[in-house]
Structure formats: C-alpha cells, structure tokens
Amino acid sequence: MEKRMTIEEARAVINQQDEKILEAFGKRMAAAREIARNKEEQGLPIYIPEREQEILQRMHDRAPDGLADYAVALYEKLMELSRQYQREGKKYGLLGRKLGHSFSPEIHRMLGTWSEAYDYGIFQVEPENLEEFILHGDWAGLNVTIPYKEMVMAWCDEISPEATRIGAVNTLVRRQGKIYGYNTDYTGFRKTVEESHATVDGAKCIVLGSGGASKTVVAVLKDLGASEVVVVSRDGKTGCDYAGISSHYDARILVNTTPVGMYPDTGKSAVYPGTFPKLEWVFDVIYNPLRTNLLCQAKRSDMQVFNGLKMLVAQARASAELFLGREIPKEALQNIERKLQREKENLVLIGMPGCGKSTIGAALAEAMGKELIDMDSLITERAGKSIPEIFSERGEEGFRQIEMEVAESLRHETGKIIACGGGVVTREENYYALAENGLLVFIDRAIGELPTDGRPISQTVSLAKIYARRLPLYQGWCDIQIKNDTDSVTAVVNSLLHIMGEGGIDHV
C-alpha cells in the first residue's frame, strides 16, 4: 500500500515548490517586460491573441493528468497579470482645458473590466502648455476634448484617413516614439444617430458650433445623406451666425456641439428649438447634464431628443481598442451606457398630494440603493416653519417661490430619488431644474383615494378642480406615468422597476 504524506510533509513540499514557482514567476515577468519594450520599439500591440491561444493550447496538452482545465485557468490569469505588468507606467487619459466632472475615467475603468485594466486619468492643460505636454508629457494614449481637437493635429506624425478628412483628432496614441492621431468621435456620433432612427437622408440639418466636434458631426450627417448641413457659429465664418439662423427654421435635425449648457454652467441654451416649426430630432453631444436645457426645451415641444452619452461610450470603446491593441466586445457598450444612466439619473416623482410619492420614493431608494430627497422637507428646513405656516404667512405665491429655490438647488444632483410636492408642476422653471438629470415619474392615484387633511390648497379649492388643472401638467412633464390604484407599495414599485428594466423587490 502506497504510503501517504502527512499534512506537515505535504505542506513542506508545497512550500518548497512555491519557492521555485516564485523564482520562475520573477524570471517570466522580467522577460515579459523586455518583450514589452521590444514590442513598443516595433510598434506591436501588447496583446497578441494568437500568441496567447498558442500558449494556452500548449499548457492544456502538456498538463498532468486531470489538470488540463486548471492549467488553462492558471495561465489565463498569468497572462492577464503579464499584460498588466507590461503596461505598468503607461498613462492614458482625457486632455482638455476645463474638464469639470467628466465621465471618461469611469467609462474607461468599466471598459477595463471587459478587456484588461489600464490607468486612465484627467489632463487639464492650458493652451500655452499644450505643445510641451503633447511632445514631452508622460502619456501613452489620450482622448482629446474642447478646445484642442484641431490644435493637436499639428504635432501628430501620422493622422488616420477619417481624421484627416474631418479635420479633427480626438484620440492620440504613442508608438515607436511617434504620435498617431485618430477620430473615434465619428464612430460614436454615427452610432447615436443610427440608433435614434432619425431620418437623416434628405433632411436639412443645423449644427451649432464650428469646432472639432462640429466637423465630426457634419461628416456623419453628410455621409448619412443629409440634403443640407448648416453650421452656425458666433463669428459667422462658417456662413451663418446666430443672428441669421432664422433663415434656416425649416431644418428637421439640430445638433449642438458647443459647450453651452454643460456642467457646471447648466440651464442655458444657444437657441430655442420651439422656433423651428419642422424640427423633429435634437441631438446634444453634451452628456453632463444628462439632458441639457436645449434638450429639455425640445422635449417640451414633443421632439425626439438624444444626449451625448451613447456617443461618449462608443468613442471611448474605439479609443480603448487603439490604446490596448485589442477588440472590446460590442455588448460592453449597452452595458456601460445603461449602468451610467442608472447611476447618474435621478428618479423624480410628481403627482397629487397624497398620491404616495414619499412612501414609494422611500421604497425605491431602498431597492435601488439611492438617497431619497423630499422637497417638502427641504422647503420646511429652508423656511424654518411648516408648510401650513408658510401658506398662512406668505400665501401660495410665497410658498412657490421657496419651492422654486429648492428645485433650483437640486439641479446638479445625480443618482437620487426626489419626491416633489404636488404643486411643483405649477411653475415651468421647476421642470428645467428637475429634468436636466431626472427621469420624471407621474404617480397617478384616483381622486377618491387622495387625503385632504393638512393640505393647504385642498382646504380652499376642491380636489377635483386641482386635479383637473394639474393633470395636463403632470402628463406633459412626465417620462413615465404609473397608476397607484393599490394598497401595495411593493406592487407599484415593482411595476415601475419593470418599466425601467430593473429587478423587482419582494416586499416593503
């Protein structure tokens, strides 16, 4: 009978072998670093899938009996660590002048989970320091944003055909001591337009702004068959300034490529879309806020609106593939876009007093892991007195003024559940403050189920009249309308989560 090792004897063997493995691991990683240097000199990517598959197959075939799958799993992890080690010290990031709060680092971190991790940061550079940074800065790959998409072309050794045709670069990569320029914005904006189902073919389009992003947008629209693309700029050097925009009110598609309305200077719009009688689709390359003032206005005019989030994620994926030299699965796009939208977007609950906004909001906050903000509570805090007292001392107009101030203070909030007072819809200004980062949900409850106790307005005006007056406003504001005709908060919450594509909850 074969003698078995004791635990102590087996551990001694493992310790001895671990020492040998560590020594071999050090030698392997040192050789990997040398390979990385040679690859960089030759302009080769770190990741060469054919080479890795060859190694995995060899390890599978040579593994001891019963350990083939384990050997493959071990070497998959080993090669992942090797790639990370080879990239150590390589810096990637977003280059711009005033970057504010960018989603790019978060997107590239998520892209890394679909391929391999890489360092991605923010490079905020003033114009007078741009040349020095481009030529001698510590970076391996860059995304380029306002106002440098055209300027950086001067320092590129080679520029891709699409970037040359467009006249703007938004991605830079260093290889073999040379700087290569690309335009991945084209990929991002084209995907946005195609998935919007906007009818570009034969349509007249207006593009606000004349910078690098504008040139990309113009190229996409022309490639998709636009009959005319009018570029509007402040100086009018493109052929049209804002004073002459009235000559083009027959446009069907409008795209904003300017920073007007971008965080933190939100609440502004370069034009009023309602003055374009034939306008059907409005795009904004801005993604923060999720819905600019321009898009909010367009939505109020029943136009189809699209922000820059899809474009941002799609161009980031294309840039990351250039950085890493490997393909990133297409399913990463929808997954990352949905995740960002869920994380950044507020859920704003509107509806009649007593319809259940606060209770439903609390349940949603718990289910989605978000903070609940109750506007009525903020109003009482700001005024230092109860809502009935505010009505008694200042009247409804005084109360609405405080309510507007509170709504404005929430303009830059993201990822929250916001429960509004029943009359928030009586002031149009509140819509723009709440809708920029908010998905508006109308909680509709039958009049007979609504309480009136302690409600200042319903003490003086019949509930039926208030409901009739506000119903068109609730419906005009909301993105989702949902009935609260049950005593089960869980049922309402699950219905809403189902509409939003989220998982449900068991009970409240």
Side-chain angles (χ1 to χ4, degrees), residues 98 100-101 103 145-147 189 192-193 196 198 204-214 216-218 221 229-236 238 240-312 344-346 348 404 407-414 425 427-440 476-477 479:
K98 295 180 179 179
H101 178 61
F103 294 180
T145 189
I146 296 172
F189 185 67
T192 300
V193 175
S196 74
K204 181 174 182 176
C205 307
I206 286 187
V207 178
L208 306 180
S210 57
S214 171
T216 302
V217 166
V218 169
L221 294 174
V229 181
V230 179
V231 177
V232 182
S233 61
R234 286 177 298 180
D235 57 22
T238 59
C240 182
D241 59 15
Y242 285 91
I245 201 170
S246 59
S247 302
H248 304 287
Y249 279 165
D250 56 338
R252 282 199 290 138
I253 295 173
L254 185 147
V255 186
N256 177 51
T257 69
T258 77
V260 178
M262 184 168 67
Y263 178 89
D265 198 15
T266 61
K268 298 179 179 179
S269 176
V271 299
Y272 173 53
T275 58
F276 296 80
K278 295 185 178 180
L279 201 58
E280 297 180 57
W281 296 277
V282 179
F283 298 85
D284 202 319
V285 301
I286 293 172
Y287 57 87
N288 186 10
L290 294 171
R291 188 185 285 159
T292 59
N293 185 266
L294 172 71
L295 296 186
C296 287
Q297 291 185 38
K299 183 178 180 296
R300 296 290 281 148
S301 297
D302 294 324
M303 299 170 189
Q304 296 293 309
V305 301
F306 304 90
N307 68 9
L309 189 58
K310 188 182 298 293
M311 175 181 176
L312 179 71
K344 307 299 182 184
E345 191 169 54
N346 299 318
V348 182
M404 280 175 51
E408 181 61 31
S409 73
L410 299 176
R411 182 184 290 275
H412 294 158
E413 290 288 348
T414 59
V425 294
R427 297 294 185 271
E428 183 76 1
E429 296 90 340
N430 295 336
Y431 172 79
Y432 296 99
L434 296 169
E436 284 193 352
N437 282 310
L439 183 76
L440 274 65
W477 278 37
D479 300 292

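Just the heavy atoms: all of them, side chains too, but no hydrogens, waters or symmetry mates, feed the values below.
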Nearest heavy atoms of [X] and [Y], plus distance in Å:
| X | Y | answer |
| --- | --- | --- |
| Ile206 | His248 | CD1-O, 3.4 Å |
| Ser301 | Gly274 | OG-CA, 4.0 Å |
| Gly209 | Ser214 | O-OG, 2.7 Å |
| Val305 | Ala298 | CG1-CB, 3.6 Å |
| Pro289 | Gly261 | CD-O, 3.3 Å |

> In terms of ring plane angle, is the pair Phe283 and Phe306 parallel, tilted or perpendicular, where the classes change at 30° and 60°?
Replying inline: parallel
From [X] atom [atom1] to [Y] atom [atom2], the distance as rounded to the nearest 0.5 Å:
| X | Y | atom1 | atom2 | result |
| --- | --- | --- | --- | --- |
| Asn437 | Arg411 | CG | CZ | 9.5 Å |
| Leu440 | Asn346 | CG | CG | 9.5 Å |
| Thr216 | Met311 | OG1 | CE | 6.0 Å |
| Tyr242 | Asp235 | OH | CG | 10.0 Å |
| Leu294 | Arg291 | CG | CZ | 12.0 Å |
| Lys204 | Tyr249 | NZ | OH | 12.0 Å |

With a 4.5 Å limit on heavy-atom distance, are the side chains of [X] and [Y] in contact?
| X | Y | value |
| --- | --- | --- |
| Gln297 | Val282 | no |
| Asn430 | Met404 | yes |
| Pro273 | Met303 | yes |
| Val193 | Trp281 | no |
| Arg300 | Trp477 | yes |
| Lys98 | Asp265 | no |
| Phe103 | Lys344 | yes |

Is it true that a side-chain atom of [X] and a backbone atom of [Y] form a donor plus acceptor pair closer than 3.5 Å?
| X | Y | result |
| --- | --- | --- |
| Glu436 | His412 | no |
| Thr257 | Leu208 | yes |
| Ser269 | Asn293 | no |
| Arg252 | Ala198 | no |

> Just checking, any donor-acceptor pair under 3.5 angstrom between side chains of Ser210 and Thr238?
Replying inline: no
> In a check of side chain to side chain contact (heavy atoms under 4.5 Å, CB included) between Leu295 and each of Asn307, Ile286, Asn256, Leu290, which one passes?
Replying inline: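 Only one option passes, and that is Asn307.
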>> As a test of understanding, state which of Val255, Ile253, Val218, Val217 forms a side chain to side chain contact (heavy atoms under 4.5 Å, CB included) with Val229.
In response: Val218
